[in-house]
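Note on naming: letters A, B, ... go to the chains in the order of the sequence lines (proteins, then strands), and numbering restarts at 1 for each one. Side chains included, hydrogens not; waters and symmetry mates left out as well; all remaining heavy atoms used.
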Amino acid sequence: MLGFIKKDLLMLKSNIKILAILLIIYVVMAFQDKMNLSFLLPFMSVMIMMSTFSYDAYNKWDAYAISLPDGRKNSVKAKYLSTIILIIITTIIITILSFVISYAKTNIIDFENIIATIFGSFFATILLQSFIYPAMYKFGPEKARIGLMTIIFGVAIIGGFITQYVDFSSIINILNFIKTYWMIVFFIAIVLMLYISYKISERVYYKKEI
Amino acid sequence: MENILEVKNLCKKYKEFELQNVNITLPKGTIMGFIGENGAGKTTTIKAILNIIRDYTGEIKIFGFDNKKEEKKIKENIGAVLDDMFFPEILTPNDINSIMKDIYKKWDSKLYFKYLDDFGLKKNKTIKTLSKGMRKKLEIATAISHHPKLLILDEPTAGLDPIARNEVIDIFQSFIQNEECSIFLSSHITTDLEHIADYITFINKGNIILSKNREELFEEYGIAKCTKEEFEKIDKKDFIKYKKSKYEYEILVENRKAFSKKYDVDTIDKITLEELMLLMIKGEK
């Protein structure tokens with residue numbers, strides 16, 4: 001298993017520069033109070049990890065992986081785990097930087113706000129991974145990427161439409177509940193989403209004719 | 001002799017192609033050359049042996065174990081070079097070493113780097129910067145650096161120049177010095193197989209049409225060349241296929257000696273694998 005995770009992480013070497021540039025942009029923006037970009041790095045981690053699917057497909061890695069011991073079992077698992085590792089690393093970096101920047105600017109650390117923002121971005125990133133990975137395995141990286149763009153665009157349009165015409169009073173109750181227990185709710189949701197997503201991807205991969 | 005690989009009644013159906021009752025037996029300590037034209041079923045057979053494709057029927061035993069039930073144990077002892085399937089090209093030979101030592105229990109980094117040196121491969125160059133030949137050498141070095149007992153090679157010499165092909169063939173021959181080891185090797189380059197294969201298995205349109213010991217094959221099979229008049233006197237049962245050229249008939253016969261005793265033809269030559277393939281595929285009956 002470790003070998004397969006290493007393979008996915010080593011493929012990111014050429015993208016380290018992109019992450020470093022994003023990190024600098026984040027720091028500059030944060031100091032200038034322009035925009036909170038704490039979501040950027042974890043989000044880009046998934047996008048960069050998605051590019052490894054294209055390399056895998058181009059070099060027919062999946063077939064080669066199955067010729068290795070436990071290849072079929074570990075390929076999908078390693079892809080999920082290496083993505084989660086990368087998301088966690090980038091989230092930790094962003095969290096530490098946010099604390100440092102907050103302290104440098106105001107001499108106090110706004111724990112509650114920083115943690116809430118970063119948890120939100122972590123949740124959104126895992127949500128993205130959970131949706132897109134099964135599609136990657138089912139339709140291939142090119143079609144899945146087009147699908148992702150369509151979904152984001154569609155959600156934005158539908159979201160805009162709903163906010164104008166739907167009564168939100170019942171949803172606010174749910175949001176209040178989430179607000180009280182948000183850490184637990186988000187944690188359960190993340191684990192559940194990843195588990196379901198992984199199981200779907202695994203099933204697709206096992207059934208796929210390679 | 002103990003068999004390292006046994007394939008019995010392997011069938012796999014695609015929309016436009018079908019493997020039909022493929023049977024292969026590879027004894028320990030030998031090399032089998034697997035030949036056939038493009039699309040004949042060589043890669044599909046290899047993928048089934050490695051359990052890469054799904055929904056095939058038949059029985060495949062490697063080292064005496066079922067290839068599905070004992071997959072991990074089997075794959076620890078197999079090295080594979082697959083046609084156009086390998087690590088993503090942004091990785092380097094160094095990365096491959098770092099990955100493989102956590103995949104194979106018996107991965108031998110020292111041996112791997114020795115092969116890289118012998119092949120003149122740089123450790124830190126990405127795969128995409130390598131020429132086709134160098135890439136093939138890297139695939140071969142990767143396949144044999146965990147001391148496998150069986151090498152499964154799909155077109156391992158394709159794209160290599162004659163010198164590199166010789167180097168690679170030398171490696172295969174030294175690999176087979178250990179009598180516990182065997183090689184199952186598909187190739188278009190039939191001259192390579194004429195030199196190293198102990199057995200030749202020929203697949204055409206998803207069917208095994210010939211599987212024979214190389215020495216027997218070259219000793220027994222032949223091409224008789226004759227005129228139209230001579231050809232018309234030959235019983236159809238006494239030849240496998242024939243091909244009409246501008247001035248003569250070329251006839252593929254299964255037993256040169258018996259044929260020359262029965263018929264008075266001027267020339268019966270020993271056969272090459274290329275001629276055998278051509279006549280088997282393009283010849284008429």
message: Please classify the contact between Leu82(B) and chain A as side chain, backbone, both or neither, with a heavy-atom cut-off of under 4.5 Å.
response: side chain

- prompt: Which atoms of Ile78(B) come close to chain A, meaning under 4.5 Å heavy atom to heavy atom: side chain ones, backbone ones, both, or neither?
  reply: neither

field: Side-chain heavy atoms of Tyr58(A) within contact of Pro88(B), under 4.5 Å
entry: no

- prompt: With chain A, which of Leu50(B), Ile74(B), Leu91(B) has the greatest number of heavy-atom pairs at distances under 4.5 Å?
  reply: Leu91(B)

message: Between Lys6(A) (side chain only) and Ser98(B) (backbone N and O only), is there a donor and an acceptor less than 3.5 Å apart?
response: yes

- request: Count the heavy atoms of every other residue, nucleotide or ligand shown that sit under 6.0 Å from NZ of Lys208(A), and state whether that count exceeds 12.
  value: yes

- line: Given Asn77(B), Ile53(B), Ile96(B), the one with more heavy-atom pairs under 4.5 angstrom with chain A than any other is Ile53(B)

task: Find the distance between CD1 (Ile90(B)) and OG (Ser54(A)) and round it off to the nearest 0.5 Å.
output: 10.0 Å

- request: Search all heavy atoms of Lys207(A) against all heavy atoms of Arg54(B) and return the closest pair with its distance.
  value: O-CG, 4.5 Å

task: Counting only heavy atoms closer than 4.5 Å, note whether Lys105(B) contacts chain A via side chain, backbone, both or neither.
output: neither

task: Tell me, yes or no, whether the heavy-atom count around Lys110(B) atom NZ, taken from other residues, nucleotides or ligands under 6.0 Å, exceeds 12.
output: no

- prompt: In this structure, are over 12 heavy atoms from other groups packed under 6.0 Å from Lys106(B) atom NZ?
  reply: yes

Pairwise distance CE(Met1(A)) to CG(Asp102(B)) - rounded to 0.5 angstrom: 12.0 Å

task: Could you tell me whether Phe17(B) atom CZ has more than 12 heavy atoms of other residues or ligands within 6.0 Å of it?
output: yes

- request: Pick one of side chain, backbone, both or neither for Glu71(B), based on which atoms fall under 4.5 Å of a heavy atom in chain A.
  value: side chain

query: Which atoms form the tightest heavy-atom contact between Leu68(A) and Met100(B), and what is the distance?
result: CD2-CE, 3.6 Å

field: chain A contact via Tyr14(B) - side chain, backbone, both or neither, heavy atoms under 4.5 Å
entry: side chain

message: A quick test of your reading: do over 12 heavy atoms of other residues, nucleotides or ligands sit less than 6.0 Å from OH of Tyr103(A)?
response: no

field: Reported CD1-to-CG distance for the pair Ile127(B) and Asn59(A), which is rounded to 0.5 angstrom
entry: 7.0 Å

message: Under 4.5 Å from any heavy atom of chain A, what part of Lys73(B) do you find: side chain, backbone, both or neither?
response: neither

- request: Evaluate whether atom CZ of Phe119(A) has more than 12 neighbouring non-hydrogen atoms of other residues, nucleotides or ligands under 6.0 angstrom away.
  value: yes

- request: Just say parallel, tilted or perpendicular for the rings of Phe86(B) and Tyr64(A), cut-offs at 30° and 60°.
  value: perpendicular

- prompt: Under a 4.5 Å cut-off applied to non-hydrogen side-chain atoms, are Thr92(B) and Lys13(A) in contact?
  reply: yes

- prompt: Side chains of Lys75(B) and Ile66(A): closer than 4.5 Å at any heavy-atom pair?
  reply: yes

task: Heavy-atom pairs under 4.5 Å with chain A are the metric here; pick the option from Lys72(B), Lys47(B), Glu89(B) that has the most.
output: Glu89(B)

task: Would you indicate whether Phe113(B), at its atom CZ, is surrounded by more than 12 heavy atoms from other residues, nucleotides or ligands within a distance under 6.0 Å?
output: yes

- prompt: Taking every heavy-atom pair that is under 4.5 Å apart, which of Ile152(B), Asp55(B), Thr126(B), Asp95(B) has the most such pairs with chain A?
  reply: Asp95(B)

